[in-house]
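Predicted model, so just to flag it, every value in this text is computed and none were measured. Within every chain, numbering begins at 1; the chains are lettered A, B, ... in the order of the sequence lines, protein sequences first and strands thereafter.
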Protein chains: 2
Amino acid sequence: MPRTVDHAERRAQIAEGLVRVAAREGLHAVTMRSVAAESGVSLRLVQYYFQSKAELVHGALRHLERQSEERWSARLARLPRPVSARRFVESFLSEALPTDERGRAFHLVWTSYAVLAMTDPDLAEQPFVEGPRRLERQLADVLRQAQADGELAEDRDASAEAARLLALNHGLGTSVLVGQRSAREAMKVVRYHLDRLFETPARTSD
Amino acid sequence: MPRTVDHAERRAQIAEGLVRVAAREGLHAVTMRSVAAESGVSLRLVQYYFQSKAELVHGALRHLERQSEERWSARLARLPRPVSARRFVESFLSEALPTDERGRAFHLVWTSYAVLAMTDPDLAEQPFVEGPRRLERQLADVLRQAQADGELAEDRDASAEAARLLALNHGLGTSVLVGQRSAREAMKVVRYHLDRLFETPARTSD
DNA sequence: CGGTTCGTGATACAGCGGTACCATATACAG
DNA sequence: CTGTATATGGTACCGCTGTATCACGAACCG
């Protein structure tokens, strides 16, 4: 067969095209044709690699999710040992914030999908409850480890703190995308929060 | 002229229809026809009171915004004096959270619009930077008043705290809408946050 | 070497959505 | 009473979008 590129690779290429279109013009501008044009393939090819639009959208979402996971793992892996929880969390959150173009696209598309999932039951189940929930657990684990290391006060509720961090970050990210504040200002709020969280070990406060 | 109902009233009626459709089936399901059906008027009437779809969408957004302001004012006005900042903030945030059906619709539609505004420059300017920005200022004022009253530690940055509260609330609201957690759990996180914020006056911590 | 499967192209079709146009009824001005 | 502006109904049109269909080349299998 005339396999110039791998099947999975082509699907990824098209999925990335979708992400670019969605990031630039919004998810409502995502059509079979616009994705095809953006990916540099014909309409027929999009149809071929994704049988329906629903599957295309679904596939692109999984693509995003996979990337997100890889980023988390990579970040966790290349951290200098011993790990400073404060620095890890800060760097993680700053990446989730739309600081660069890539982060902006990621956050925007993810949020678009989340809004879709609020009404479309087909999208709801899989990524939007399991993905963030897992992320929250992992973050809570990091915080618990920080408690064991004496870096975080013992009386903190690691789960609640993780939830707080992610919700805060998401909310700030949205405010940035909407143009309410700059990414720099958002980062300042994040640091303010982290200052309260990882306070001088003497005081057991936020 | 055969004015059975007031012009502004009709526009409001149609706008509410739009909000219901958007809350139930998502903003992508909002069409001239679906809004007309939901509002119990003919397609022609929607066209008549809103010349284009863009204006319809825009008008409904302003409708939502106005309602939001009224709610804020009403809440602020009917508070028992003296005002407990903690209780005020908690009740305000709980309303902004999708606890009841109305709150759910409001949050969902607002978020949908926010996502739209991220790519559509026509929507961006007006409500999505000015509205929340004003809200944040008002909230910061409440917090500053609380500081003056000795209810909130002096070393807090009222602006940052207000930003934190709103971002947190928005993030939590989204997580509720996608089904990641229940409204009850979200409220617990909010209270956790507030506990840290309004700590015993002895300690100056989060 | 012939067939079958995979990959790619072009295009046709049907439905839906925004908008435009025509018509009418009611109320008020003169 | 007549005309004009407001308010409402019905419907046609055109473009876009998802999907289906026909067609062809290239590789692998036997």
Check: What is the distance from CD of B:E9 to C1' of D:dT6, rounded to the nearest Å?
Finding: 17 Å
Notebook entry, point to check: How long is the line joining CG of B:L45 and C1' of D:dT6, in whole Å?
Noted result: 12 Å
Next item on the list: Establish, from distance only, whether the side-chain atoms of B:R10 and B:Q13 form a donor-acceptor pair under 3.5 Å.
Entry: yes
Note to self: Filter on side chain to side chain donor-acceptor pair (under 3.5 Å), then keep only pairs touching residues 21-36 of chain A, sequence neighbours left out; what's left?
What the structure shows: A:R24-A:E38
Margin query: In this structure, how many angstroms lie between the C1' atom of D:dG9 and the OH atom of B:Y49, rounded?
Written below: 13 Å
Next item on the list: Using atom CD of A:E25 as one end and atom P of D:dC16 as the other, report the distance to the nearest whole Å.
Entry: 14 Å
Check: If you check every side-chain atom of A:H7, which of C:dG7, C:dT8, D:dT8 has the closest atom?
Finding: C:dG7
Next item on the list: Rounded off to whole Å, could you give me the CZ-to-P distance for the B:R10 and D:dT6 pair?
Entry: 17 Å
Check: B:Y48 has an atom OH; how far is it from atom C1' of D:dG10, in whole Å?
Finding: 17 Å
Next item on the list: Not counting sequence neighbours, which residues clear side-chain contact (heavy atoms from CB on, under 4.5 Å) with A:S112? List them please.
Entry: A:L27, A:L108, B:V115
Checklist line | Whole-Å gap separating C1' (D:dT17) and NE2 (A:H28) | finding: 14 Å
Are there any protein N/O atoms within less than 3.5 Å of an N/O atom in nucleotides 18-22 of chain C, and if so, which ones and at what distance?
unit_1: C:dG18; atom_1: OP1; unit_2: B:K53; atom_2: NZ; d: 2.7
unit_1: C:dG18; atom_1: OP2; unit_2: B:T31; atom_2: OG1; d: 3.0
unit_1: C:dG18; atom_1: OP2; unit_2: B:M32; atom_2: N; d: 3.0
unit_1: C:dG18; atom_1: N7; unit_2: B:R33; atom_2: NH1; d: 2.7
unit_1: C:dG18; atom_1: O6; unit_2: B:R33; atom_2: NH2; d: 2.9
unit_1: C:dT19; atom_1: OP2; unit_2: B:K53; atom_2: N; d: 2.9
unit_1: C:dA20; atom_1: N7; unit_2: B:Q47; atom_2: NE2; d: 2.9
unit_1: C:dA20; atom_1: N6; unit_2: B:Q47; atom_2: OE1; d: 2.9
unit_1: C:dC21; atom_1: N4; unit_2: B:R44; atom_2: NE; d: 3.3

Checklist line | Atom pair distance, as rounded to whole Å: CD in A:E55 and P in D:dG18 | finding: 15 Å
